[in-house]
Each structure stands twice: as C-alpha cells, then as structure tokens.
Amino acid sequence: MVTNIEKSISKWTKHVRSPASAQVSTSTDVAKVERVIPNFASKFANEFLTPQESNIGTLVSKIELLAASLSDVKHKRQGRRAIDSHFDYKNETKDSEIPLQGLDYNQATARSLEAFEGTIRWHNPNALFNLVPSPLLDTVALSTLTTLYNPNAFYDFTAGKFNLIEKRVVKALAKLAGWDWEKAGGFYTTGGKSTLLYAIKTGINKSDRQVINEGLTNNHVVITSAACHFSIESVCNYLGIGQNNCIRIPTGANGTIDLVKLKTQIEDALSQGKQIACVIASGGGTLNLAIDPVYEIRKILDQAADDFNLSYKPHLHFDTVISWAWLFFNADPSYYRTQVTNANVLAKIESAAKAIRQIEAADSFGIDFHKTGLCPAVSSFFVAKSFEDPTRTNIGRLNSLAEHDSFGDARYCDITIENSRACLGIISAYHVLQRFGIHGFQDYLSYLLHIREKFRQSVSEKFSQVFEIVNPHTQGFELVLKINFFGDTLSYQQICQLSEARKEQYREICEEFRQFITYGKHCNDTNVPFIGYVRKYSFGTEPGDLPAFLLYPTSVYTTDETVEQILGSLQEAVQTFKQAKATGEPVLTKRKDLQKDPPK
C-alpha cells in the first residue's frame, strides 16, 4: 500500500539532481585491469559524496524533498505535527524487522519520516511546551555539512580545527564569566546532565586523587539545592556515589537555597567523615529563574575547609544551563539600557544580570546552547575555572594542558567519557556566538522577556477570570499558570491550603484537562497551543504541591497578536472542556495508561 508520504516523495523525487560529473572517474584502460573489488557505488549511484565532492546538489535536493514531504501533511494543530497518540509501543514494535533486500528510496524514506509524527514544531508560536527554541538556520546548515564530512572531535588529527574551535568557545565563555582564560578549560558535551556529571567527577577527583586508580573508597556526598535539576540523583547513581548520597537543601522564601541549612548540612557531612564531592548551586530552573547566592555559598565552603582542615576545597558548580546567557548583559550594560524601555523588563534584566555575575566565584558552570543559544539539540559545554585533567593522579599537574599546545596532540578521548564526539554542537555554538555577538544575545533575551511581559499584561487585563500566573517572582520568561475551572475564584495558594479531598479533586481536573488538550479529540480538531504541565509546583517556602501548566514562549515569531490568540485559544479549550465534563461527551478520553509525568 502506497502511503501519502510515499506519494509526496515520488512527486518530489524528480527534482533530485544527478549530475553526470558526480560519477567517479575510472581509468580508460579498464579492459586490461582485472577487477577484484566489486563496484558497490554503482548499486547506490549518487547516494554518497563523491571524491570530487561534485554532487553536493543532490544532498540539497534531498533536504528539499524531505522538507516538502513533511510540509505536505495537513494538520490543524500548528504547535505539533499530527499523530495518533493512542498507539501501543509493544504492538507497534512486534513486527519490527530488517528487510532481506533493501527498500527503494521512496519506501525507505516514507518509513523514516514516520519518526516526525507528533514532533513539536518549535518554530511555531503555539509550541510552548519546554525551553527548546528553533535553531538559527546558519547552525542547521553548518550542522548538515558537519554531518556530511563526519569529523570526530576525539582527536584533532582527524577533526582538523574543530578542537581549536571548541577551545575558542570555552575560552570565550571563561572570559564572559570573568575568569582567567589561560587557566580555564572545558569541552563540548552531550547535554546539561553531562555537565553535571563532569562537575561531580571533577569534585570527586579533587577530594580524593586515589579515586582515579583505586575507585571510590570514601563516602562521598553531593549537596545541592532542591530547585536544581532532577537528574542529579541519576548522575550520582552512574558515578557510583549512590542516589541517597545526593542531599537536597530546601529553598528560602525567595526561591534560592537556604544558606543556614546548607551550612548545617555541610558541617554535619564533614563531621561524619564524609567527602564533599560537589556542591551544586542553581542558576535558575525551568519553572523559576531564581539564581542562588554563589558568593555566600563560596564563603561557607571556604570556611568549612578551614574549620575541618580539609586537604581540598569542595568543588562548587553553578548549574547555569539556562541562565548563562544573562552574562551577556554584564558584558556591555550600556547597550541594553538604551534599547529596553519597559520598566518591568529592565528591572528583571538588572536583577538577573547582577545575580549571574556571581559565577566568578564558582569552580565550574554548565551551558546549554540549545536552550538559550539558538542552536540545534544538543550543544552543551562544561567549563571549569581551573581545568583538572580527570585522568591524572599527579596533583602537581592538575592544570597542565601542555599536551594540547600543538596540533596532533589534542586527544580529548583521554579526558571525556566519549571517544566518539560529534562536532555539530561545537560548530553551532561557535557560529552563533560569532553571528549574534554580545548585543544580539541581549536583543534575543530582551525579546523573550518582553513576550513574558505581554502575557502578564494580557492575563491581568483580559483573562484574569480564567488564568492566574503563579510564578510572578521569576526573573526569566517562563509562565506557570493556574487555570480557574468551574468558576473557581480561589488562588493557587488558597487551594494548596484546602482539605486533601478538595486538593485531590483539583488534581483530577488538571490531569483530565492536560490529557484533553494533549491526547484527546479536541487537540486534533483545533489549533490549541501545545503547553507543558507540572504535577507539583512550588516556590520557596510557599505551600505548593498541586498541578499547574507551563508556557515557554521561545518562537522568534511571537507577536502581541499571537499572545492574545494563544490565551484566547486556551480559554476556548477550557470552555469546551467544561462543557464536555457537564454533558459527559465522549470527547473527553482520559488516558489511564499514562504512568509518568512530562519532564521539566
């Protein structure tokens, strides 16, 4: 059976160029040559880059037809590609097999393009599910060529200058943080979770150099804010520290780590003879951009090192995978102060820029260019103030990067977990830094903050009967919404203080609405925005263990009008949901098989 995608591909296949010059030249004296090697290339004519690199046009045409095939599929929901979300993984994989004889191009491509069903269209303003902006097209083009030429950054001899570019990114970021760029070091890695892994491993090595050869023999702990990322326990598991040795410190009223409880926990751990592998400060999460006081944390750690006569200073990592970009505001304050006229936006910038400046007191920090750097996923960097080779036991050479001074000696396979290191994130990060510059990043972040301000104004002036913004404290651009179901006029905080039975009723309503706009018939028939969901939202010391809805406006095409349309569409969805609940219409199909909450 020929699918619609296959028909679409067939329609565009004629546009794929197959230039005669793409053929590999052979000797004219072929009759005299005894053939030993079969001509494999002839079976896949023009499907690989030729030695002359003359068929790049074929790649361009393939991209064009693939994109056309995807855009040819009609759907009403602009924030996500169409999908029948009620499929079962077991049933859909039971017939999986590798064909005995390979499929032709149209058939194979049609099967591969199935992967794009249900993917979020981050470039559309209606995609507000998480912090994943649509990447700059420059970076996509460079990533495509990087994939084509396939360099591996594990070793500069095979990767050319990609390792040099990687070093330039790291040094530039170190300067942006106010560090000594000559002592600083780091590398590209595969996501924010990996930056946390490298930070903790660095701290383990600092606290006990014997770990490198002997393994973990001491009882190490990781101490972090309750607001930090949920993956830290998982990292502790992978590193052999154990999830139970990740100690979470509650936050204070302003959403940042409670310094008194942090100090007490550090002293308790050291009194018990434990080694502090790492203290992780929050640079702000996906629900609130509340930035921990790193200067004060540094003082506590230094004092503890003196009081307990430690042979090491506990490693302090600043988890700034989101907020790192606010460093650009400190690089040239005069620019944004002449560009930003909205008082609320300006106040947020000033506050967050002052808080993120404390990065200079940290030992390392993490960066996700695919979050606030307009790069394709994934492009992350781990940067350390004083780089420590994790393979060296000789404490006298901790800062030695002499083996990386000359081309042919940059063996990152000795330092990183991966031997195979794709270069896409390296070239993307470098290019976007060069292309946007300090002012371009200031403009981008200011734009996002203005979107958030427009949402706040619209909710306050036009939609206050339907929505409540429950994270007014954030210095970022994310919105956490409480939806007022059934004429509910109670605030989020008031509901949090009701009886458990009343709170459970609210939880059930929120879960049903989440599924109504995510998996039900309504989301396929209308252009309802694709938003996030938080099962338990809390901030600081405020009561909070109830669901809320998360909006992350990241599209560069969001306008004042689209903000109104998004809120209006959500309001209509709430009304339709209420009607369905009142009449018992089958439009409400609750998924009882869902077992996990969406990550945030």
Side-chain angles (χ1 to χ4, degrees), residues 122-128 131 133-134 136 176-178 254-256 283-291 320 322-359 369 371-374 432-464 467-481 529 539 550-568 570:
W122 298 111
H123 45 285
N124 190 282
N126 271 23
L128 302 124
L131 181 48
S134 181
L136 182 72
L176 196 64
N254 63 355
T256 63
T286 54
L287 302 181
N288 278 289
L289 197 77
I291 301 172
T320 57
I322 295 174
S323 56
W324 70 275
W326 269 256
L327 289 169
F328 289 109
F329 289 116
N330 293 319
D332 185 11
S334 62
Y335 177 75
Y336 74 79
R337 287 170 182 163
T338 61
Q339 300 295 311
V340 178
T341 57
N342 184 285
N344 289 337
V345 173
L346 187 60
K348 275 191 172 186
I349 292 174
E350 297 281 6
S351 177
K354 180 180 179 181
I356 200 65
R357 190 180 301 132
Q358 298 179 89
I359 200 170
F369 276 91
K371 280 192 172 70
T372 41
L374 294 167
V432 80
L433 290 174
Q434 300 301 309
R435 183 72 193 276
F436 272 71
I438 302 294
H439 294 169
F441 271 102
Q442 290 187 14
D443 289 340
Y444 174 58
L445 292 175
S446 299
Y447 160 78
L448 295 177
L449 291 168
H450 277 93
I451 296 175
R452 211 275 184 185
E453 177 64 12
K454 176 60 182 178
F455 268 106
R456 186 198 65 78
Q457 291 177 352
S458 295
V459 169
S460 175
E461 297 171 4
K462 300 181 181 180
F463 298 94
S464 60
F467 308 114
E468 174 197 355
I469 296 177
V470 298
N471 67 330
H473 330 76
T474 183
Q475 298 177 83
F477 51 89
E478 71 287 348
L479 293 105
V480 183
L481 293 181
F539 177 81
L550 174 63
L551 278 67
Y552 242 119
T554 58
S555 171
V556 297
Y557 298 106
T558 301
T559 63
D560 290 69
E561 292 74 22
T562 55
V563 169
E564 300 283 342
Q565 292 168 6
I566 288 167
L567 291 173
L570 282 175

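Both backbone and side-chain heavy atoms feed into the values below; hydrogens, waters and symmetry mates do not.
In this structure Thr256 satisfies the side chain to side chain donor-acceptor pair (under 3.5 Å) test together with Asn254, sequence neighbours excluded. Checked against salt bridge (Lys or Arg N to Asp or Glu O under 4.0 Å), Glu453 has the following partners two or more places apart in sequence or in another chain: Arg456. Annotation: side chain to side chain donor-acceptor pair (under 3.5 Å) contacts of Glu561 (sequence neighbours excluded): Thr559. For Gln434, the side-chain contact (heavy atoms from CB on, under 4.5 Å) test picks out Tyr430, with sequence neighbours left out. In this structure, the side chain to side chain donor-acceptor pair (under 3.5 Å) partners of Lys371, at least two apart in sequence or on a different chain, are Asp368.
Using a 4.5 Å heavy-atom cutoff, the side chains of Val556 and Ser134 are not in contact. Contact annotation: the side chain of Tyr444 approaches that of Leu374 to within less than 4.5 Å [non-hydrogen atoms, C-beta and beyond]. Two residues are said to be in side-chain contact when any heavy atoms from C-beta on lie closer than 4.5 Å; Lys462 and Glu564 meet this criterion. No side-chain heavy atom of Leu327 sits under 4.5 Å from any side-chain heavy atom of Phe441.
Closest heavy-atom contact between Asp332 and Ser334: OD1-OG, 2.7 Å. The minimum heavy-atom distance between Asn330 and Ala353, with the atom names listed, is ND2-O, 2.9 Å. Closest of all the heavy-atom pairs between Phe369 and Val432 is CD2-CG1, 4.0 Å. Shown here for Ala127 and Thr554, the closest heavy-atom pair between the two residues is O-OG1, 4.4 Å. Across Ile349 and Ser446, no two heavy atoms sit closer than the pair CD1-OG, 3.7 Å. Between Pro125 and Thr558 the shortest heavy-atom distance is CB-OG1, 3.8 Å.
Side-chain atoms of Thr320 do not come within 3.5 Å of backbone N or O of Gly283 as any donor-acceptor pair. Using a distance-only test at 3.5 Å, with no hydrogens or angles considered, no donor-acceptor pair links the side chain of Glu461 to the main chain of Ser458. For Thr338 (side chain) and Tyr335 (main-chain N/O), a donor-acceptor pair under 3.5 Å exists by modelled atom type.
For the atom pair Thr372 OG1 and Leu448 CG, the distance stands at 9.0 Å (nearest 0.5 Å). Note that the NZ atom of Lys454 and the CG atom of Asp560 stand 4.5 Å from one another [nearest 0.5 Å].
A donor-acceptor pair shorter than 3.5 Å cannot be found between the side chains of Gln442 and Tyr447. Trp122 and Ser555 are not linked by any side-chain donor-acceptor pair at a separation below 3.5 angstrom, with hydrogens and angles left out of the test.
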Full working for side chain to side chain contact (heavy atoms under 4.5 Å, CB included) between Val340 and Leu449 | CA-CA 10 Å; Val340 178; Leu449 291 168; over 6 Å; no
Give the C-alpha distance, both sets of side-chain angles, the deciding distance and a yes or no for side chain to side chain contact (heavy atoms under 4.5 Å, CB included) between Glu350 and Tyr336.
-> CA-CA 10 Å; Glu350 297 281 6; Tyr336 74 79; 3.1 Å; yes
Chi angles and distances behind the side chain to side chain contact (heavy atoms under 4.5 Å, CB included) call for Phe455, Ile566 = CA-CA 9 Å; Phe455 268 106; Ile566 288 167; 4.1 Å; yes
Could you give me the CA-CA distance, side-chain angles and deciding distance for Tyr557 and Thr562, then say whether side chain to side chain contact (heavy atoms under 4.5 Å, CB included) is met?
-> CA-CA 9 Å; Tyr557 298 106; Thr562 55; over 6 Å; no
Enumerate donor-acceptor pairs with a distance under 3.5 Å from any side-chain N or O in residues 470-481 to protein atoms, sequence neighbours excluded.
unit_1, atom_1, unit_2, atom_2, d
Asn471, OD1, Arg452, NH2, 3.0
Asn471, OD1, Val480, N, 3.0
Asn471, ND2, Leu287, O, 3.2
Asn471, ND2, Glu478, O, 3.2
His473, NE2, Glu542, OE2, 3.2
Thr474, OG1, Leu289, N, 2.9
Thr474, OG1, Gly476, N, 2.9
Thr474, OG1, Glu478, OE2, 2.3
Gln475, OE1, Ser351, OG, 2.5
Gln475, OE1, Ala352, N, 2.9
Gln475, NE2, Leu289, O, 3.4
Glu478, OE2, Leu289, N, 3.2

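Between Phe463 and Phe467, the ring planes lie tilted relative to each other; the angle falls in the 30° to 60° range.
No more than 12 heavy atoms of other residues, nucleotides or ligands lie within 6.0 Å of CZ in Arg435, so this atom counts as exposed by the packing criterion.
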